[in-house]
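Report on the structure given below.
In this text, all values refer to a predicted model and were calculated from it rather than measured experimentally. All chains are named by letter (A, B, ...) in the order of the sequence lines, taking the proteins before the strands, and each is independently numbered beginning at 1.
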Number of protein chains: 2
Amino acid sequence: MSDTFWAELAWVGDVPAAQVRIEVDDGVIVAVVPGTDPATGDERLPGIVLPGFANAHSHAFHRALRGRTHTGRGSFWTWRTSMYALAERLTPDSYHRLALAVYAEMALAGVTVVGEFHYLHHGPGGAPYADPNAMAAALRQAAADAGVRLTLLDTCYLTGGIGQPLGGAQLRFGDGTAVRWAERASDLRDDPMTRVGAAIHSVRAVPPDAVAVVAEWAARRGAPLHVHLSEQVAENEATLAAYGRTPARLLADHGALTDRTTAVHANHVDDGDIALLGAARSAVCACPTTEQDLADGLSPARALASAGSPLCLGSDQHAVVDLLAEARLLEMHERLGTGRRGSFTPAELVAALTHRGHTALGWPGNGRIAVGAAADLVAVRTDTVRTAGTDPAQIALTAGAADVHTVVAGGRTIVRDGRHERGDVAGLFAEAIDPLWEFA
Amino acid sequence: MSDTFWAELAWVGDVPAAQVRIEVDDGVIVAVVPGTDPATGDERLPGIVLPGFANAHSHAFHRALRGRTHTGRGSFWTWRTSMYALAERLTPDSYHRLALAVYAEMALAGVTVVGEFHYLHHGPGGAPYADPNAMAAALRQAAADAGVRLTLLDTCYLTGGIGQPLGGAQLRFGDGTAVRWAERASDLRDDPMTRVGAAIHSVRAVPPDAVAVVAEWAARRGAPLHVHLSEQVAENEATLAAYGRTPARLLADHGALTDRTTAVHANHVDDGDIALLGAARSAVCACPTTEQDLADGLSPARALASAGSPLCLGSDQHAVVDLLAEARLLEMHERLGTGRRGSFTPAELVAALTHRGHTALGWPGNGRIAVGAAADLVAVRTDTVRTAGTDPAQIALTAGAADVHTVVAGGRTIVRDGRHERGDVAGLFAEAIDPLWEFA
């Protein structure tokens, strides 16, 4: 299957290039020719065409909490109580329905690869399903149905806090030991649109010896390894008290900080942690809409990047699914923290949105408009009220998900004129979410 | 002219009410009946209907800077240099073109009243136009053309900093003295869709005796009085050095803090300032997208509200025109600053978005779905990918400008199905902005 696209403007290398033909064969880009006229039969893409966006940190089921938790005061920890109540209700079927809508919402926002940080493994009370990976299968099918690539970050989750047993909804997350986690995860297979990776939920939920087991599992496979890191000050305090070191140091000491690692959040890291992460070339996934929604605080993103950590982006709990907004907020939170503008260039923001995320999810080479990359393309309109009259080179500072016109993933056009090929995605949400709250 | 609207959900008082008929006569709401079926001929509004949004702080011409200033590092003060370069190029004609597009973009976002903080009074070098209020006339016409109500906050701007003469583009802002400012401003007349108010640019730009003159002018007319307050730490430092008191105290000492006053930003106010503003019942206009874009820092919005200051919202320099986003960020910035969720209830966010802003702009009674209020209605879709599956009572936490379906202003439907009655607003921007940058 071959196809040719033509764009008035496309992001090639680190800048917009004019009049670009992009030839695709079997889902892969085989030629990129700037400065050329369109030929008959070329599919013209409007606006400015960016590489496909990577959503490097997703908890799909949290989407059902959007617009449902703002009824009183609280913190990250009270929000977590609502999230657990929701987790208790999901089945492989209802999870497939919900995740399909979530991944389709992501596609509408320009996402062509999602990293699912997946820990909702087992049935109620922790009883395994007949297929112990039934929930993973539901996610894999949902991504395939939505037309996006998936990195399934199968998550080890063993304790309810340092030294505390799992309880309540958490029982569904646990495999008992890291070795049993590894046995189950080892049954998962890559496919052309799915990459299997590992995750350590956090140093709160995975003891040090188990951290080492998961890290070794990922190393043996050359697989991506993701971990929640220092999202909350309380995690740092508990880790220092229990182990006499910071969470980042604990991970480093057990082989979990490598250039295949992505630390998610890293809000409350100190200078030593930043140096450790940078020296290891571990990526950092910023989730600014979540970090503000959950009152996590600002993150030292510029310092992390300068120390050597590639930055990528995630919509995490999906209070908002708009990766362009995440990119913009990466810069905005830095401005709020430092009083300076322009900590990140437009090219750095696009890199975080695209190839940095693909690499963190185990798809190096993708997320670029370049020969050999997957044909993942996002046409962002430059003629909406939001983007009109602006410089397309600064599109990451002006556009949002509502400006995404066309999305091509692996050569297949999954979104056209702002509509997903599966039709009414909002309707899918109503069907998926409303029944979950009838039990509330 | 009478008309009747019917909504499945409408914001009445402080909560959503179901199945609401809203009868309108001559642009004013004459009946609100919840719990009733629609009658033949009623215009059905989709989603949840909120009162018209107030954009309480606008500098219309700054919209031409969107997506054009992110080329290097900088601060508020370097951004201001770009803004001045733009200010030098505008004429009454080009300003009308630009402001019409800006006010239409606001209408698309649900805004039915805008407070224009207007200081671009004179021709190049400060030479008055034949009509000394030609630029104000351009703004008045633009708002009328866009179908929104205008509060023209005619701004006194006398110095380029404390004790410094105006220079460069600033010459266009100045009237020489506060008395000459008052003479010119006194020629402006209210009309059914326009209210004339006053503004003190800031204590940087208006000496204390002139502050008193402007405050007295506003008091005599019972007009709204707006002022930029403590947006930057540098303003506080300069004011303390020159006058031995904070900007808020300086305003209070010269009669400028009353219940007709709106302090814009108030990011860097101390506890004494907060107490002064609250005791005076002066409103505070938060502009969160601007405050993050210009690296102004977080604001103590909750503390200001608790002290007695009604909060309203503005999109200010229009890097973003999305008042729902401003409302959401009011809460999000508080979360980033305090580590707590839920500082503002959904009802408080809607109040800031609606009647608090109308009141701050001199239209008390408007911004409510209530008998006697102007028939300003905003139907926000609950069936988009952003809002589907969420609680409509939390709409201010989930929706954005792209979800606005219908906007009625003074009984006239100016936006329907997300389209402004004037057609292609993005096209208006291209026509208005591109020529301004050809001279750059």
Relative to chain B, which of [options] shows the most heavy atom pairs under 4.5 Å?
{"options": "A:Leu65, A:Leu397, A:Thr398", "value": "A:Leu397"}
{"options": "A:Val425, A:Ile433, A:Leu336", "value": "A:Leu336"}
{"options": "A:Arg63, A:His318, A:Glu291", "value": "A:Arg63"}
{"options": "A:Gly74, A:Ala402, A:Gly389", "value": "A:Gly74"}
{"options": "A:Ala393, A:Pro346, A:Ala109, A:Ala319", "value": "A:Pro346"}

Out of [options], return the one with the most heavy atom pairs under 4.5 angstrom to chain A.
{"options": "B:Arg68, B:His70, B:Gln232, B:Arg386", "value": "B:His70"}
{"options": "B:Ala388, B:Ala401, B:Ala432", "value": "B:Ala388"}
{"options": "B:Asp391, B:Leu108, B:Val385, B:Thr382", "value": "B:Val385"}

For the pair [X] (side chain) and [Y] (backbone), establish whether a donor and an acceptor sit closer than 3.5 Å, ignoring hydrogens and angles.
{"X": "B:Arg89", "Y": "B:Leu436", "answer": "yes"}
{"X": "B:Asp417", "Y": "B:Arg419", "answer": "no"}
{"X": "A:Asp322", "Y": "A:Gly400", "answer": "no"}
{"X": "B:Thr69", "Y": "B:Trp79", "answer": "no"}
{"X": "A:Glu348", "Y": "A:Thr345", "answer": "yes"}

Per-residue contact mode, [X] against chain A (heavy atom under 4.5 angstrom):
{"X": "B:Leu298", "value": "both"}
{"X": "B:Thr338", "value": "neither"}
{"X": "B:Val321", "value": "neither"}

**Prompt:** Salt bridge between B:Asp293 and A:Arg341, side-chain N to carboxylate O under 4.0 Å?
**Reply:**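 A salt bridge is present here (some side-chain N lies under 4.0 Å from a carboxylate O).
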**Partner residues of A:Ser75 under the side chain to side chain donor-acceptor pair (under 3.5 Å) criterion, sequence neighbours left out** = none
**Fill in**
The side chain to side chain donor-acceptor pair (under 3.5 Å) partners of A:Gln394 (sequence neighbours excluded) come to none
**Prompt:** Hey, which residues of residues 96-104 of chain B are touching chain A, say heavy atoms under 4.5 Å apart?
**Reply:** none
**Item:** Pair B:Asp316, B:His265: side-chain N/O donor-acceptor within cut-off below 3.5 Å
**Value:** yes
**Message:** Under a plain distance cut-off of 3.5 Å, with no hydrogens placed, do B:Thr384 and B:Asp403 share a side-chain donor-acceptor pair?
**Reply:**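 Yes, B:Thr384 and B:Asp403 have a side-chain donor paired with an acceptor closer than 3.5 Å.
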Which pairs would a plain distance check flag for residues 326-334 of chain A, meaning a side-chain donor or acceptor within less than 3.5 Å of a matching protein atom at least two apart in sequence or in another chain?
unit_1, atom_1, unit_2, atom_2, d
A:Glu326, OE1, A:Thr289, N, 3.0
A:Glu326, OE2, A:Thr289, OG1, 2.6
A:Arg328, NH1, A:Ala396, O, 3.2
A:Arg328, NH1, A:Ala399, O, 2.9
A:Arg328, NH2, A:Ala399, O, 3.2
A:Glu331, OE1, A:Ser343, N, 3.2
A:Glu331, OE1, A:Phe344, N, 2.9
A:Glu331, OE2, A:Arg335, NE, 2.6
A:Glu331, OE2, A:Arg335, NH2, 3.3
A:Glu331, OE2, A:Gly342, N, 2.6
A:Glu331, OE2, A:Ser343, N, 3.3
A:His333, NE2, A:Gln292, OE1, 3.0
A:Glu334, OE1, A:Arg302, N, 3.3

